[in-house]
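Taking it in order: structure first as structure tokens, then the write-up.
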Amino acid sequence: MYKLDSFMAELEKRNPAQPEFLQAAREILESIIDVANDNPMYEKFKILERITEPDRIYSFRVEWEDDQGNIQVNRGHRVQFNNALGPYKGGLRFHPSLSLGTLKFLGLEQTLKNSLTTLPMGGAKGGSDFNPRGKSDGEILRFCRSFMTELEKYIGPNTDVPAGDMGVGMREIGYMYGQFKRIRNEHTGVLTGKNLNFGGSLIRPEATGFGSMYFANQMLMANNDIFAGKRISVSGFGNVAWGAVMKATELGAKAVTISGPDGYIYDEEGVGTPEKWAFMSYLRASNNDVVEPYAKKFGAKFVPNKKPWEVPVDMAFPCAIQNELTLEDAKTLVANGVKCVVETSNMGCTADATIYLIDNKILFGPGKAANAGGVAVSGLEMSQNAMHISWSAEEVDAKLHDIMVNIHASCVREGTQADGYINYLKGANIAGFKKVADAMVLMGY
Ligand code: GLU
């Protein structure tokens, strides 16, 4: 019999100083421990021990030259977490705070998330402590080349297919793809999130945000409510937030906030107009990571150094970074009448915030289910590359929608409680886990 406390104690001993990894692992184990004990094959095959230990981790030095001619040194990693269901798949994050513990949490989450999509993808994550903020285009290019010169040794279209994450967008993917092609003389689907000109998929940039709204729409429908007319808050102002706001607006909701590292914008008129989003793209491209100029341009309110969770809304969508919504924020949201919180960033809520929301019977969409649309369209990009074809935006969007509806159905199947409350967190963890665990048993040890 697996016991949560002794299993976690051992995991803590083996992974000291990796709080985010331990947080993600505990959240999963709490959901699945009974399921794991119901099937004696799981313990016999040491599935919990194996599923919480990455298959392998590569760490490497990345040196590059800045615009002043100085050599800079960063650290790169690729955590190949689990490939029971398909080639390793997951994004690359460039962020100064990035540590191996963060990547291990993201790799574990990615393993279950990719399982939920039903596409044949294992889980991985990688990145660097390189800070893209304020860097020139030339510096980004030289860093990406150097990073790929090392990463190239460990990846391939049937081995491991990286993509973007925070700090890595289409430009960075293009530079890395160019270097891969230069070294290997191969034009394959080794990265996703590529430009459309060389194998990228339509809808990929918007997919995470779109998928999250499709998921939220299903959540409301399953609870006899409708999406149209809802007021929502969104954090972040990158690709993910952009896709979320666009789709929310299309579905008839009004997004009233976005945020950056400098604070948040409160725009009662709604942030989802093409003109406003063009301006946000311009702000992002200017590489300063600030949202304040939006307030002056569009007559909205700017609240410095705060997150948008104090604004009363029906639904809240953390779209920026892990643990961005705390217990305090959850209490404020609940006091202000929130109905639904949907993690569109990975592990957007702290552990105590998640527990508080679920205890208060708020509809809670966990990141590994709600934000799976991004990697799902990456999976569709792999299919298109393998077949040497490209699908129309309508085809990709329809497939994305189906995938999100299916993920929702899996959560309902595994997470509906006796009192009728759908515990999406539990449902997503159980559904994602079972598929990986069963595949591992079927393949032996
Ligand atoms: N970084 C995204 C995620 O967290 C996408 C990964 C991918 O497309 O491979 O799921």
Side-chain angles (χ1 to χ4, degrees), residues 20 24 77-83 85-95 98 102-128 151 155-157 159-170 172-173 176-177 189-195 199-212 215 236 238-244 318-322 324 342-348 365-385 396 399-400 403-404 407 428 432:
E20 291 163 330
H77 307 279
R78 185 71 178 164
V79 178
Q80 296 185 334
F81 217 98
N82 188 301
N83 66 352
L85 299 182
Y88 300 107
K89 180 83 197 88
L92 298 170
R93 179 176 289 195
F94 294 169
H95 195 274
L98 195 79
T102 308
L103 287 177
K104 281 174 64 182
F105 121 63
L106 289 164
L108 175 60
E109 286 281 298
Q110 198 81 44
T111 300
L112 299 199
K113 182 196 313 196
N114 294 1
S115 163
L116 284 169
T117 66
T118 70
L119 301 176
M121 300 183 291
K125 207 84 188 190
S128 173
L151 184 69
I155 62 175
T159 306
D160 183 354
V161 183
D165 195 83
M166 292 174 65
V168 179
M170 207 177 261
E172 290 74 19
I173 292 290
M176 287 191 269
Y177 194 73
V190 69
L191 296 177
T192 61
K194 301 184 288 297
N195 190 283
S201 175
L202 285 160
I203 310 282
R204 178 64 192 88
E206 306 90 330
T208 308
F210 277 22
S212 167
F215 191 84
N239 263 347
V240 173
W242 171 61
C319 295
I321 196 167
Q322 67 271 12
E324 57 175 308
V342 181
E343 285 182 327
T344 309
S345 47
N346 290 308
M347 205 166 74
K368 63 173 74 66
N371 76 26
V375 74
V377 174
S378 275
L380 300 177
E381 183 173 331
M382 288 166 72
S383 306
Q384 293 170 80
N385 293 164
V396 178
K399 288 185 199 324
L400 167 63
I403 290 169
M404 298 314 298
I407 295 176

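We count ligands from 1, going down the list as the structure has it; atoms in each ligand are counted the same way. Throughout, numbering of the chain's residues begins at 1 and tracks the sequence.
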From CG (Asn239) to SG (Cys319), nearest 0.5 Å: 11.5 Å
Does any donor atom in the side chain of Glu109 or Asn346 lie under 3.5 Å from an acceptor atom in the other side chain? no
Does the side chain of Pro157 reach to within under 4.5 Å of the side chain of Asn385, using non-hydrogen atoms? no
Test side-chain hydrogen bond (donor to acceptor under 3.5 Å, both in side chains) applied to Lys89 and Thr117, Asn114, Thr192, Asn83, the passing residue: Thr192
For Ser212, all residues meeting side-chain hydrogen bond (donor to acceptor under 3.5 Å, both in side chains), sequence neighbours excluded: Thr344
Is it the case that the side chains of Thr102 and Lys125 hold a donor-acceptor pair, with the cut-off being a distance below 3.5 Å and no angle test? no
What are the distances between nitrogen or oxygen atoms of ligand 1 and protein nitrogen or oxygen atoms, counting only those under 3.5 Å?
{"unit_1": "ligand 1", "atom_1": "1 (N)", "unit_2": "Lys125", "atom_2": "NZ", "d": "3.4"}
{"unit_1": "ligand 1", "atom_1": "1 (N)", "unit_2": "Gly164", "atom_2": "O", "d": "3.0"}
{"unit_1": "ligand 1", "atom_1": "1 (N)", "unit_2": "Asp165", "atom_2": "OD1", "d": "2.7"}
{"unit_1": "ligand 1", "atom_1": "4 (O)", "unit_2": "Lys113", "atom_2": "NZ", "d": "3.1"}
{"unit_1": "ligand 1", "atom_1": "4 (O)", "unit_2": "Lys125", "atom_2": "NZ", "d": "3.0"}
{"unit_1": "ligand 1", "atom_1": "4 (O)", "unit_2": "Asn346", "atom_2": "ND2", "d": "3.1"}
{"unit_1": "ligand 1", "atom_1": "8 (O)", "unit_2": "Arg204", "atom_2": "NH2", "d": "3.0"}
{"unit_1": "ligand 1", "atom_1": "8 (O)", "unit_2": "Ser378", "atom_2": "OG", "d": "2.5"}
{"unit_1": "ligand 1", "atom_1": "9 (O)", "unit_2": "Lys89", "atom_2": "NZ", "d": "2.7"}
{"unit_1": "ligand 1", "atom_1": "10 (O)", "unit_2": "Gln110", "atom_2": "NE2", "d": "3.1"}
{"unit_1": "ligand 1", "atom_1": "10 (O)", "unit_2": "Lys113", "atom_2": "NZ", "d": "2.8"}

